[in-house]
Amino acid sequence: MPARRFVHVRHEEYAALAAVGYAKFTGRPAACVATSGPGALHLLNGLYDGKIDGVPVLAVTGMTYHDLVGTHFLQDIDNDKVLEPACTFSERVMGPAHALAVTDRAVRAALYQRAPAHLTIPIDTQSWTGEQDTASEKNIPGHLSAAGQRHVQVPAEDDLARAAELLNSCARITVLAGAGARFGAGELLERLAETLGAPIAKAGLGKDAVPDDSPWCTGGIGFIGTRASQWAMENCDAFLIVGSSTPFYDFWPEPGQARAVQIDVAGDRIGMRYPVEVGLCGDAAATLALLLPLLRVREDRSFARRARELYDEWWQLQQRRAADPAVPMKPQAVTCALSEILPDGAILTGDAGTVSSWGSRVMLRRGMQFSFSGTLCSMGSAVPYAIGAQIAYPDRPVVAFVGDGGLSMCLGELATLAQHRLPVKVIVLRNDTLGLEVWEQNAYLGNPQYGCELSPVDFVKVAEGCGLAAFRAEQSGQVTDALTRAFAHDGPALVECVVDPHEPPFGETVKPDQVGKMLQAYERGEKAAAPMSANLLAPGRPALSPGVAQHQDDLARHARDPRR
């Protein structure tokens with residue numbers, strides 16, 4: 001059993017998020033501990049993140065005196081009730097005789113249900129001895145076991161046969177890998193793709209299921225995705241969903257376009273996003289291992305080959321944007337440089353905002369891992385995730401990729417990195433704005449941006465004040481050197497990268513009607529209409545973006561508007 005270690009973070013929310021990060025990269029639970037009242041309440045965001053993304057976490061909170069509960073005493077909150085919606089199990093510990101059984105139940109519930117579990121302990125109960133508590137006659141000593149359980153679920157044989165028959169009968173198959181395809185399913189997915197000649201697109205939480213340099217990979221889907229993945233979705237006649245219930249299913253094939261098979265360990269998620277013909281309720285790796293022998297090798301590779309050609313064209317566009325000498329530099333300058341510099345076996349954590357898009361474009365090689373707050377989209381998650389990952393794997397490089405909005409929410413955790421000498425490298429994209437809110441206000445609502453400006457923060461000075469080494473890059477030519485120096489530093493380090501806020505995070509995947517909404521916002525007075533339009537029309541982008549191409553003339557008019 002690994003030794004227990006206490007990590008003193010600066011805020012309870014990030015204790016819970018660090019525990020989630022630990023669980024996401026190991027599959028094993030970590031515990032987060034908080035006081036009664038506000039301490040327990042601060043855990044909620046991280047616990048909900050763990051619940052929604054399906055990872056085991058144990059939360060332990062304090063509580064007021066057992067005989068003063070409900071009397072309006074100091075920090076008198078029913079933590080077991082308050083945290084219950086975020087947890088698969090939430091219980092109040094009634095005394096030493098109760099503690100062992102309920103702790104066993106909590107840990108097993110977290111592991112089996114892949115969700116947070118919670119115990120709350122009144123302050124005086126915590127110090128009771130066995131002599132101060134009376135066990136009931138039904139609480140029989142020695143009736144518990146520390147034996148672990150491993151549950152590997154597989155579908156019925158006839159369902160596997162029907163799935164194979166469907167996939168064998170179709171010509172253009174696209175595979176979608178989600179979070180459920182992590183931990184052992186990746187290589188099986190590549191074998192399936194090779195057998196069927198099928199491109200593999202990835203939901204955000206499935207980014208590390210298959211490496212980005214796999215010949216079958218076409219990158220992400222949704223706004224943070226690639227044109228290649230979108231093309232594969234638009235042109236397939238069969239669709240295999242493996243462990244994904246991404247909310248970006250509006251980027252999936254149109255209902256009725258493709259015959260679909262879905263693999264998911266949670267049966268209630270099958271058919272939730274797409275009208276599948278065959279549902280395979282089971283563990284992804286175990287199910288794929290049984291499905292593979294039933295599939296026929298397809299000689300025609302043209303569909304996957306075209307998807308991969310588009311992927312290469314898309315990546316070449318990212319590299320051209322990275323090389324743009326403009327100041328501030330394009331965010332792609334950071335993602336492209338990091339893709340080259342990331343050490344083997346690195347763990348990359350992402351954050352919410354436009355940085356989600358730029359982080360999704362970092363190229364992961366085989367053996368690397370990635371995760372972020374993929375469904376809750378909690379800002380400020382990258383650094384605590386990195387803390388959890390570094391505790392889990394002290395000998396592996398860990399990188400937190402965060403925006404300035406997210407990092408400003410959890411600056412205290414820089415001090416945590418220094419206090420525990422965790423050699424995490426924090427890369428912050430600074431554009432002095434809540435960038436995703438700007439683009440979403442435009443593209444979703446047709447409104448000019450409102451309330452998105454951030455007052456500048458000198459993250460280098462803040463990091464140095466917390467005890468980190470810190471570096472800044474303001475031009476594309478400075479990024480590689482700054483990152484190299486940070487990775488060479490023996491300890492935690494931060495790199496502040498000042499980037500263009502007007503570079504579109506979804507330039508190649510934005511839909512025509514969304515560009516139409518953006519044009520409405522421009523007509524209504526969007527102050528950044530000119531640089532946003534100019535960046536959307538960057539050389540090579542309209543050819544890869546049907547949405548931009550359809551509105552090219554109107555965007556060009558705004559790009560050259562002298563009033564802006």
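What you see is a predicted model; the values in this text were computed from it and never measured.
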Response to the item:
Taken in chain and number order and not counting sequence neighbours, the residues that satisfy salt bridge (charged side-chain N to carboxylate O under 4.0 Å, His left out) with R365 are D344

Item to complete: Using a strict 4.0 Å threshold on nitrogen-to-oxygen distance, state whether D212 and R361 make a salt bridge.
Response: no

Practice prompt. Ignoring hydrogens and angles, tell me if any N or O in the side chain of S360 forms a donor-acceptor pair with the backbone of S357 under 3.5 Å.
Written response: yes

Practice prompt. Spell out, as yes or no, whether a donor-acceptor pair under 3.5 Å connects the side chain of Q257 to the backbone of M233.
Written response: yes

Discussion item. Is a donor from one side chain sitting under 3.5 angstrom from an acceptor on the other, for Q332 and Q319?
Written reply: no

Show the atom names and distances, to 0.1 Å, of all donor-acceptor pairs under 3.5 Å that link a side chain in residues 380-388 to residues at least two apart or in another chain.
{"from": "S381", "atom 1": "OG", "to": "S378", "atom 2": "O", "distance (Å)": "3.1"}
{"from": "Y385", "atom 1": "OH", "to": "K24", "atom 2": "NZ", "distance (Å)": "3.0"}
{"from": "Y385", "atom 1": "OH", "to": "D49", "atom 2": "OD2", "distance (Å)": "2.4"}

Worksheet item: What residues form a salt bridge (charged side-chain N to carboxylate O under 4.0 Å, His left out) with K511, not counting sequence neighbours?
Response: D250

Worksheet entry | ring-ring contact (aromatic ring centres under 6.0 Å, His included) partners for H11, two or more places apart | Y14, H42

Discussion item. Under 3.5 Å, is there a donor on one side chain and an acceptor on the other for R306 and S302?
Written reply: no

Worksheet entry | Partners meeting side-chain hydrogen bond (donor to acceptor under 3.5 Å, both in side chains) with R541 (sequence neighbours left out) | E503, E508

Practice prompt. Apply ring-ring contact (aromatic ring centres under 6.0 Å, His included) to F303 and list each qualifying residue two or more places apart in sequence or on a separate chain.
Written response: W231

Discussion item. Test: salt bridge (Lys or Arg N to Asp or Glu O under 4.0 Å). Region: residues 251-271. Which pairs qualify, not counting sequence neighbours?
Written reply: R259-E277

Worksheet item: Residues in salt bridge (charged side-chain N to carboxylate O under 4.0 Å, His left out) with K330, at least two apart?
Response: D500

Fill in: Partner set under ring-ring contact (aromatic ring centres under 6.0 Å, His included) for Y48, not counting sequence neighbours
none

Enumerate donor-acceptor pairs with a distance under 3.5 Å from any side-chain N or O in residues 217-229 to protein atoms, sequence neighbours excluded.
{"from": "T218", "atom 1": "OG1", "to": "I200", "atom 2": "O", "distance (Å)": "3.3"}
{"from": "T218", "atom 1": "OG1", "to": "S229", "atom 2": "OG", "distance (Å)": "2.9"}
{"from": "T226", "atom 1": "OG1", "to": "T218", "atom 2": "O", "distance (Å)": "2.6"}
{"from": "T226", "atom 1": "OG1", "to": "A228", "atom 2": "N", "distance (Å)": "3.4"}
{"from": "T226", "atom 1": "OG1", "to": "S229", "atom 2": "N", "distance (Å)": "3.0"}
{"from": "T226", "atom 1": "OG1", "to": "S229", "atom 2": "OG", "distance (Å)": "3.4"}
{"from": "R227", "atom 1": "NH1", "to": "E234", "atom 2": "OE1", "distance (Å)": "3.4"}
{"from": "R227", "atom 1": "NH1", "to": "E234", "atom 2": "OE2", "distance (Å)": "3.3"}
{"from": "R227", "atom 1": "NH2", "to": "E234", "atom 2": "OE1", "distance (Å)": "3.0"}
{"from": "S229", "atom 1": "OG", "to": "T218", "atom 2": "O", "distance (Å)": "2.8"}
{"from": "S229", "atom 1": "OG", "to": "G219", "atom 2": "O", "distance (Å)": "2.9"}
{"from": "S229", "atom 1": "OG", "to": "G220", "atom 2": "O", "distance (Å)": "3.1"}

Listed pairs under 3.5 Å, donor-acceptor, residues 397-410 side chains, sequence neighbours left out:
{"from": "D404", "atom 1": "OD2", "to": "N431", "atom 2": "N", "distance (Å)": "3.0"}
{"from": "D404", "atom 1": "OD2", "to": "D432", "atom 2": "N", "distance (Å)": "2.7"}
{"from": "S408", "atom 1": "OG", "to": "D404", "atom 2": "O", "distance (Å)": "3.1"}
{"from": "S408", "atom 1": "OG", "to": "G405", "atom 2": "O", "distance (Å)": "2.9"}

Worksheet entry | For E496, all residues meeting salt bridge (charged side-chain N to carboxylate O under 4.0 Å, His left out), sequence neighbours excluded | R430, R472

